[in-house]
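Notes for the one structure printed next.
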Amino acid sequence: YYIGDHFARYHVTTVHGTIYDTQLDPAEKLLITAGQEKKINIYDISSSKLVKSIKVDAESDEIVRIELDPSGQFLAASSQDRHIRVYHLDSGEMISNVSGHSELVTGLKFASDCSHLISVSGTTKIILKFSAGSDQFLLGDGCVFLWRWPDDFSASLRASAAGIKPAMRTHADPTTL
């Protein structure tokens, strides 16, 4: 709530270690955090209570960046080991683990049409145009990876983002997106 021209603290939650990144779900009811704990924590915004904690892959280092797909079902997480892991939020299952960057992945962005995941390192702004609009994010060392989702998976994500209950594929090849 507001007091005059100033913000007032609404809720406070403490965690162990540093939080490096946060995301809101599409309905803006859940806050998703990641950092030194090597967990993806999901909090109810109205109560600030921890709803779910997803323990990440045992081989993963600290999570540096997270990005929620437009449907709100999947979360991409980059860690200090330069891998990108994609988790299904409801089940906590890791559905993909990919690598290829030679530096720390500092930016992740799902295309608004759910067709790709873009990963970058660094601090230069770029804009990519897709059929559903444009996506902006930061890049640095000149290395941009464009990970393509399988067509049927992208269609399911688009349908879900539009509010339609799709028949989701339950397992993906864990080495590719």
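Keep in mind that what you see is a predicted model, and the values were worked out from it rather than measured.
In this structure, the side chains of C143 and H101 come closer than 4.5 Å at one or more pairs of heavy atoms. Looking only at side-chain heavy atoms (C-beta outward), I40 and I32 come within less than 4.5 Å of each other. The side-chain heavy atoms of F74 and I95, taken from C-beta on, include a pair separated by under 4.5 Å. Using a 4.5 Å heavy-atom cutoff, the side chains of V144 and I118 are in contact. Contact of the L89 side chain with the L30 side chain is not registered, since no non-hydrogen atoms from C-beta on lie closer than 4.5 Å. L31 places none of its side-chain heavy atoms less than 4.5 Å from the side chain of I42. Within the 4.5 Å cutoff, no side-chain heavy atoms of S119 are placed close to those of L117.
Annotation: F110 is not in aromatic contact with H116 [ring centroid separation under 6.0 Å not met].
Contacts of D81 classified as salt bridge (Lys or Arg N to Asp or Glu O under 4.0 Å), with partners at least two apart in sequence or in another chain: R85. The side-chain hydrogen bond (donor to acceptor under 3.5 Å, both in side chains) test applied to S71 returns D69, Q73, not counting sequence neighbours. Looking at residues two or more places apart in sequence or on another chain, you find no salt bridge (Lys or Arg N to Asp or Glu O under 4.0 Å) involving D90. Taking Q80 as the reference, E62 meet the side-chain hydrogen bond (donor to acceptor under 3.5 Å, both in side chains) condition, with sequence neighbours excluded. Taking A34 as the reference, I63, I66 meet the side chain to side chain contact (heavy atoms under 4.5 Å, CB included) condition, with sequence neighbours excluded. Every residue two or more places apart in sequence or in another chain was checked for a ring pair (Phe, Tyr, Trp, His ring centres under 6.0 Å) with Y87, and none qualifies. Residues that satisfy the side chain to side chain contact (heavy atoms under 4.5 Å, CB included) test with R82, not counting sequence neighbours, are absent from this structure. For T22, there are no side-chain hydrogen bond (donor to acceptor under 3.5 Å, both in side chains) partners at least two apart in sequence or on another chain.
Atom CG of L104 and atom OG of S78 lie 6.5 Å apart (nearest 0.5 Å).
Contact detail for S112 and P70: the closest heavy-atom pair is O-CG, 4.1 Å. For the residue pair L108 and R65, the shortest heavy atom distance occurs at CD1-O, 3.7 Å. In terms of heavy-atom proximity, W149 sits nearest to C114 at CD1-O, 3.3 Å.
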Inset, instruction - With side chain to side chain contact (heavy atoms under 4.5 Å, CB included) as the test, would you mind laying out the steps for Y43 and V51 before giving the verdict? - result: CA-CA 5 Å; Y43 297 90; V51 174; 5.7 Å; no
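Annotation: salt bridge (charged side-chain N to carboxylate O under 4.0 Å, His left out) contacts involving residues 42-54, sequence neighbours excluded, are absent. The stretch residues 29-41 participates, sequence neighbours left out, in these side chain to side chain donor-acceptor pair (under 3.5 Å) pairs: T18-Q36, E37-N41, N41-S53.
Clustering ILVMFWY residues whenever any of their side-chain heavy atoms sit less than 4.5 angstrom apart, transitively, puts V105 in a cluster other than the one holding Y20.
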